[in-house]
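Notes to accompany the following structure.
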Amino acid sequence: MNESNGQRGGYGAAEDIEAPGTAGTMGGTGTADGGETAAAAGRPRRDEDAAGQRVLPLVVRIERATPPERTDALEAAALAVLTLLDAPQAAPGGEWAEAVRAWEDGRIRKVVRRARGAEWRRVLALPGLTVTHGTAEVRVHPPVPLDAWPRDLSRLQVSGTDLSDSAEPAPPEPGEPVLWVNPGLSMSAGKAMAQAGHAAQLAWWACDEAARHAWRERGLAVAVRTAAPGAWEALAGSGLPVVRDAGFTEIEPGSRTVVADVPWLRRGEPYPAGARPSGRS
């Protein structure tokens, strides 16, 4: 079943996430997309089937003749999520603040859809932010009710298109945050984009304001790479933020998909489990 108008399935649906540990540590877990982000921040857990559950729409532009490189699309999705979290519209008092807070209080679901031509032009007319990164364009929209997508978004395809890289991606820049993808999993581009977005969000929550400012000064730069098979287990067990899939689509429940390897988190700087940007706790 495809992910459409609140149905589970398709490409780029929801995941469970292992959150960072308690303040001053790099261990411990919690499930963000299972509703535990709210609990970790001291708020009551919202029932996953409750009315008003929200989802974050991401739309990737895929024209027939010029599809984006896969790595560019994954990085653009991560950057789009960071851009939304850092946007004035999502800050307290902003026009999207209530929708973003409601989304963060429940499951942080993300669904990736694709558009081209007139579809893409209609997407641009809806509230949202567009990120251009390399060959990829991704538009992120404020969270919408799971069962009440805007028509021009709900009509978009969820599955049926995958992406590839024409060449091996270059090594990440020194000091750049890297989202390491599990080399033992096979995921469609949309699924991997959603996972990269989750990992970027966990990394953002893990940062204090000084770290966010420094990241912002670097343009919220983030790389996405597939981990070497021999390095994955060490990464996944390092205490860095780990995305764990709920198993709605493509892969087995509980699969660890992406590790957010952020240099300032590796240095052991304290960050609380389920931390939120200031004003959203």
Side-chain angles (χ1 to χ4, degrees), residues 12 14-34 36-37 40 70-79 81-82 108 110 165 168-208 211-212 214-215 218 220-247 250-275:
E15 290 79 30
D16 282 338
I17 299 171
E18 287 190 356
T22 56
T25 73
M26 295 186 67
T29 62
T31 56
D33 207 15
E36 297 301 324
T37 43
R70 180 183 174 99
T71 295
D72 285 351
L74 269 59
E75 292 176 348
L79 179 56
V81 170
L82 292 170
I108 55 167
K110 299 176 183 69
D165 285 321
E168 188 73 18
E173 294 292 327
E176 185 176 24
V178 183
L179 308 180
W180 293 108
V181 179
N182 187 338
L185 297 176
S186 177
M187 294 184 283
S188 67
K191 180 76 169 182
M193 288 172 68
Q195 303 282 331
H198 283 316
Q201 187 165 0
L202 284 184
W204 183 257
W205 284 348
C207 295
D208 61 18
R212 287 192 192 123
W215 202 354
R218 298 182 58 161
L220 300 175
V222 63
V224 180
R225 298 291 186 271
T226 299
W232 171 254
E233 287 301 327
L235 283 165
S238 66
L240 291 164
V242 180
V243 181
R244 187 178 292 273
D245 192 73
E250 298 192 24
I251 56 180
E252 291 298 316
S255 298
R256 295 171 300 177
T257 58
V258 184
V259 172
D261 187 358
V262 180
W264 45 91
L265 300 185
R266 274 195 174 276
R267 289 198 297 268
E269 296 181 7
Y271 58 104

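Treat the numbers as computed from the prediction; the structure is a model and nothing was measured. Computed from heavy atoms alone, side chains included, the values below leave out hydrogens, waters and symmetry copies.
A pairwise comparison of heavy atoms in Leu235 and Ser238 identifies O-OG, 2.7 Å as the closest pair. Across Leu82 and Ala200, no two heavy atoms sit closer than the pair CD2-O, 3.5 Å. Considering every non-hydrogen atom in both Thr71 and Pro169, the closest pair reads OG1-CG, 3.4 Å. Listed here is the closest heavy atom pair of Ala196 and Val224: CB-CG2, 4.3 Å. The two residues Ala78 and Val222 come nearest to each other via the heavy atoms CB-CG1, 3.9 Å. Scanning both residues, Ala189 and Arg70, for their nearest heavy atoms gives N-NH1, 3.4 Å.
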Could you pull out every donor-acceptor pair under 3.5 Å between side chains of residues 171-180 and any protein atom, sequence neighbours left out?
{"from": "Glu176", "atom 1": "OE1", "to": "Glu173", "atom 2": "N", "distance (Å)": "2.9"}
{"from": "Trp180", "atom 1": "NE1", "to": "Asp261", "atom 2": "OD2", "distance (Å)": "3.1"}

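Atom CG of Leu240 sits about 5.0 Å away from atom CZ of Arg266, to the nearest 0.5 Å. Residue Leu74 holds its CG atom at 8.0 Å from CE of Met187, rounded to the nearest 0.5 Å. Remark: Leu265 CG to Cys207 SG distance equals 5.5 Å, nearest 0.5 Å.
A side chain to side chain donor-acceptor pair (under 3.5 Å) check over residues 223-232, counting only residues at least two apart or in different chains, returns the pairs Glu75-Arg225. Contacts classified as salt bridge (charged side-chain N to carboxylate O under 4.0 Å, His left out) and involving residues 226-236 (residues at least two apart or in different chains) are given here: Glu233-Arg256.
Partners of Asp72 under the salt bridge (charged side-chain N to carboxylate O under 4.0 Å, His left out) rule, at least two apart in sequence or in another chain, do not exist in this structure.
There is no side-chain donor-acceptor pair under 3.5 Å between Asp245 and Thr257.
Between the side chain of Asp165 and the backbone N or O of Glu168 there is no donor-acceptor pair closer than 3.5 Å.
Residues Leu185 and Ser255 have side chains in contact (heavy-atom distance under 4.5 Å, counting atoms from C-beta outward). Using a 4.5 Å heavy-atom threshold, the side chains of Lys191 and Ile251 count as touching.
Ring-plane geometry between Trp204 and Trp215 is classed as tilted, the angle between the planes lying from 30 to 60 degrees on a 0 to 90 degree scale.
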